[in-house]
Chemist: 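I have a structure here, written as structure tokens, and I will follow up with some questions on it.
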Amino acid sequence: MAFTNLDKVFFPELGLTKGDVIAYYRRIAPYLLPHLADRPLTLRRWPNGIVGEDFFQKDLDDPPAFVRTERIWSEEGRRDIRMAICNDEATLLWLAQLGCIEMHAWFSRVTPVARRRGARPGAFSGSEATIAKSALNLPDFVVFDIDPFLFPEGTGPTRRHGELDPDYTRKGFEAARQAALWLGEALEGLGLRAFLKTSGKTGLHAFIPIVRRYTFAQTHAFAKTMAAWLTGQHPDALTTAWSVRDRVGKVFLDYNQNLRGKTLASIYSLRPVPQATVSVPVTWDELRAGFDPLRWTIATVFDRLERVGDLWADILAGAQEIALRAER
DNA sequence: GTCTCAC
DNA sequence: GTGAGACAACGCCAC
DNA sequence: GTGGCG
Ligand SMILES: [Mn+2]
Ligand SMILES: [Mn+2]
């Protein structure tokens, strides 16, 4: 496999090239690869850099031989597609070569669930019924995508990528921070430990590691209940509204990613914003103290990693049970 | 970015 | 050999 | 079935 166009500018403001993106993923690989392991990938590609067009890709027609793929049923396409799984550095760099700036891994894995009877390990193809019965329907996490919908005066949802507006960044993140703190308190009340990361923009991602025993329907219901309860406690600050215009001025607690095939920009993903930020794990103590979420970028993240290591290294070891009854 | 097909 | 053109997701929900 | 949404 050949790398091409290494000098093509991918981040004009910083002058970062495609070669810089590939170099970033080569260096981050030891931290990132464990979090991608065994998870189907939804590719999101920017072959002409962050100011160019982007597109999603799931089906890989004829990938290099070193790329692991899995045949997975696509209900809408009524056919099997071949999805990439990134378990090694070569595959990661191939993805970067394709123009993947972010990595989007599923919340479920293809590996068999231990001690599960009646399952057909490795069968994800042929029908919706097959994949619904498979390990891919049993996520490792309940996820909360915490998205501030605060905008500078005179702008609106259509211009919500206000990453260039420091005032908006600060206000939006402060709102997301408060929302995450409320979520953290509620989860603590349930005896659940969650892992936190910046999105790389102004939001936050909270992951609750769970045993692979709950279906997406169950994790979705759990997250929806939590989000609705929190929104009821803080109706002026939080929303779960489906319509963007009904979210303006609030923090959108998005529980809807808890479905098979949905993704978020992964931990240690480079984000397609001018500052070339990175999605970085943070501690709850750091959240309480506050920070600038855009401080971690392609240029600065390794300083932090060398100091604190991978704060999510043990995330799968802490798989928890979730109560399915409506809590409180 | 990759691939195929026409010239 | 080279350039043009096609192509690269999808599930859920409201209406 | 189409459109909004992430
Ligand atoms: Mn979101
Ligand atoms: Mn988000």
Side-chain angles (χ1 to χ4, degrees), chain A residues 1-10 17-19 21-22 40-64 67 69-70 72-84 91 93-108 124 127-128 131-132 136-137 139 143-149 156-158 160-161 176 199-205 215-217 219-221 223-224 227 239-248 251-266 269 271-272 279:
Chain A
M1 183 207 93
F3 294 106
T4 61
N5 295 311
L6 295 179
D7 293 328
K8 183 186 275 197
V9 174
F10 265 34
T17 64
K18 182 181 171 189
V21 172
I22 293 170
L41 294 176
T42 298
L43 276 50
R44 189 171 177 194
R45 300 173 55 188
W46 284 261
N48 293 302
I50 68 168
V51 298
E53 295 291 304
D54 72 283
F55 57 89
F56 290 88
Q57 181 171 14
K58 291 185 170 180
D59 194 14
L60 298 165
D61 177 42
D62 186 24
V67 175
T69 61
E70 198 65 56
I72 295 174
W73 177 254
S74 164
E75 181 63 13
E76 182 171 297
R78 304 233 111 236
R79 66 195 176 89
D80 290 330
I81 58 176
R82 270 184 89 180
M83 294 192 69
T91 300
L93 300 189
W94 170 71
L95 292 166
Q97 160 62 21
L98 291 183
C100 296
I101 292 176
E102 304 174 341
M103 301 297 152
H104 287 257
W106 284 23
F107 304 128
S108 54
F124 313 108
S127 73
E128 168 63 24
I131 190 169
L136 283 179
N137 207 36
V143 302
F144 291 91
D145 177 21
I146 301 167
D147 287 336
F149 277 71
T158 55
R160 71 180 156 109
H161 295 296
S199 71
K201 298 189 178 179
T202 58
L204 291 158
H205 296 159
T215 64
F216 276 106
T219 59
H220 184 269
K224 180 176 182 174
T239 180
T240 57
W242 167 79
S243 165
V244 166
R245 75 171 184 281
D246 293 338
R247 300 175 191 160
V248 173
V251 175
F252 176 45
L253 272 188
D254 186 0
Y255 56 85
N256 273 309
Q257 298 307 107
N258 293 289
L259 293 168
R260 192 194 333 131
K262 298 280 194 181
T263 63
L264 295 169
S266 83
S269 271
R271 303 308 307 277
S279 174

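Just so we're on the same page: letters track the sequence lines, and every chain starts at 1.
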Chemist: Is a donor on one side and an acceptor on the other found under 3.5 Å between the side chain of A/T91 and the backbone of A/V67?
Modeler: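 No.
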
Chemist: Quick one: A/Y255 OH to D/dC5 C1', roughly how many Å, whole number?
Modeler: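 Going from A/Y255 (OH) to D/dC5 (C1'), I get 12 Å.
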
Chemist: Show your reasoning for whether side-chain contact (heavy atoms from CB on, under 4.5 Å) applies to A/T42 and A/W106.
Modeler: CA-CA 8 Å; A/T42 298; A/W106 284 23; 3.5 Å; yes

Chemist: With rounding to the closest Å, how many angstrom separate the C1' atoms on C/dA8 and B/dT4?
Modeler: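 Their C1' atoms lie roughly 15 Å apart.
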
Chemist: Using the side-chain contact (heavy atoms from CB on, under 4.5 Å) rule, take A/T4 and A/Q97 through it: C-alpha gap first, then chi angles, then the decisive distance, then the call.
Modeler: CA-CA 7 Å; A/T4 61; A/Q97 160 62 21; 2.8 Å; yes

Chemist: In B/S/- notation, 5' to 3', how is nucleotides 8-15 of chain C contacted by protein heavy atoms closer than 4.0 Å?
Modeler: BBSBS---

Chemist: When we call it a touch if two heavy atoms are under 4.0 Å apart, what does A/D61 touch: a base, just sugar-phosphate, or nothing?
Modeler: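 Result for A/D61 = nothing.
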
Chemist: Considering only heavy atoms of chain A and a distance under 4.0 Å, specify the first and last nucleotide of DNA chain B in 5' to 3' order that meet this criterion.
Modeler: B/dG1 to B/dT2

Chemist: Does anything in residues 253-264 of chain A form a salt bridge (Lys or Arg N to Asp or Glu O under 4.0 Å)? List the pairs, not counting sequence neighbours.
Modeler: A/E128-A/R260

Chemist: With heavy atoms under 4.0 Å as the rule, sort A/N5 into base, sugar-phosphate or nothing.
Modeler: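 Contact class for A/N5: sugar-phosphate only.
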
Chemist: For A/A176, give me all partners under side-chain contact (heavy atoms from CB on, under 4.5 Å), at least two apart in sequence or on another chain.
Modeler: A/I146, A/P148, A/L204

Chemist: How far, in whole Å, is C/dA9 from B/dC3 if one measures between their P atoms?
Modeler: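 About 15 Å, rounded to a whole number of Å.
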
Chemist: Could you tell me which residues satisfy side chain to side chain donor-acceptor pair (under 3.5 Å) with A/D54, sequence neighbours excluded, listed by chain and number?
Modeler: A/R44

Chemist: Using a heavy-atom cut-off of 4.0 Å across all strands, would you classify A/T263 as base, sugar-phosphate, or nothing?
Modeler: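 Here A/T263 touches no strand at all.
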
Chemist: Just jot down the side chain to side chain donor-acceptor pair (under 3.5 Å) partners of A/N5, sequence neighbours excluded, or say none.
Modeler: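 Partners of A/N5 by the side chain to side chain donor-acceptor pair (under 3.5 Å) criterion come out as none, since no residue qualifies.
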
Chemist: Are a donor atom and an acceptor atom from the side chains of A/E102 and A/S266 found within less than 3.5 Å of each other?
Modeler: no

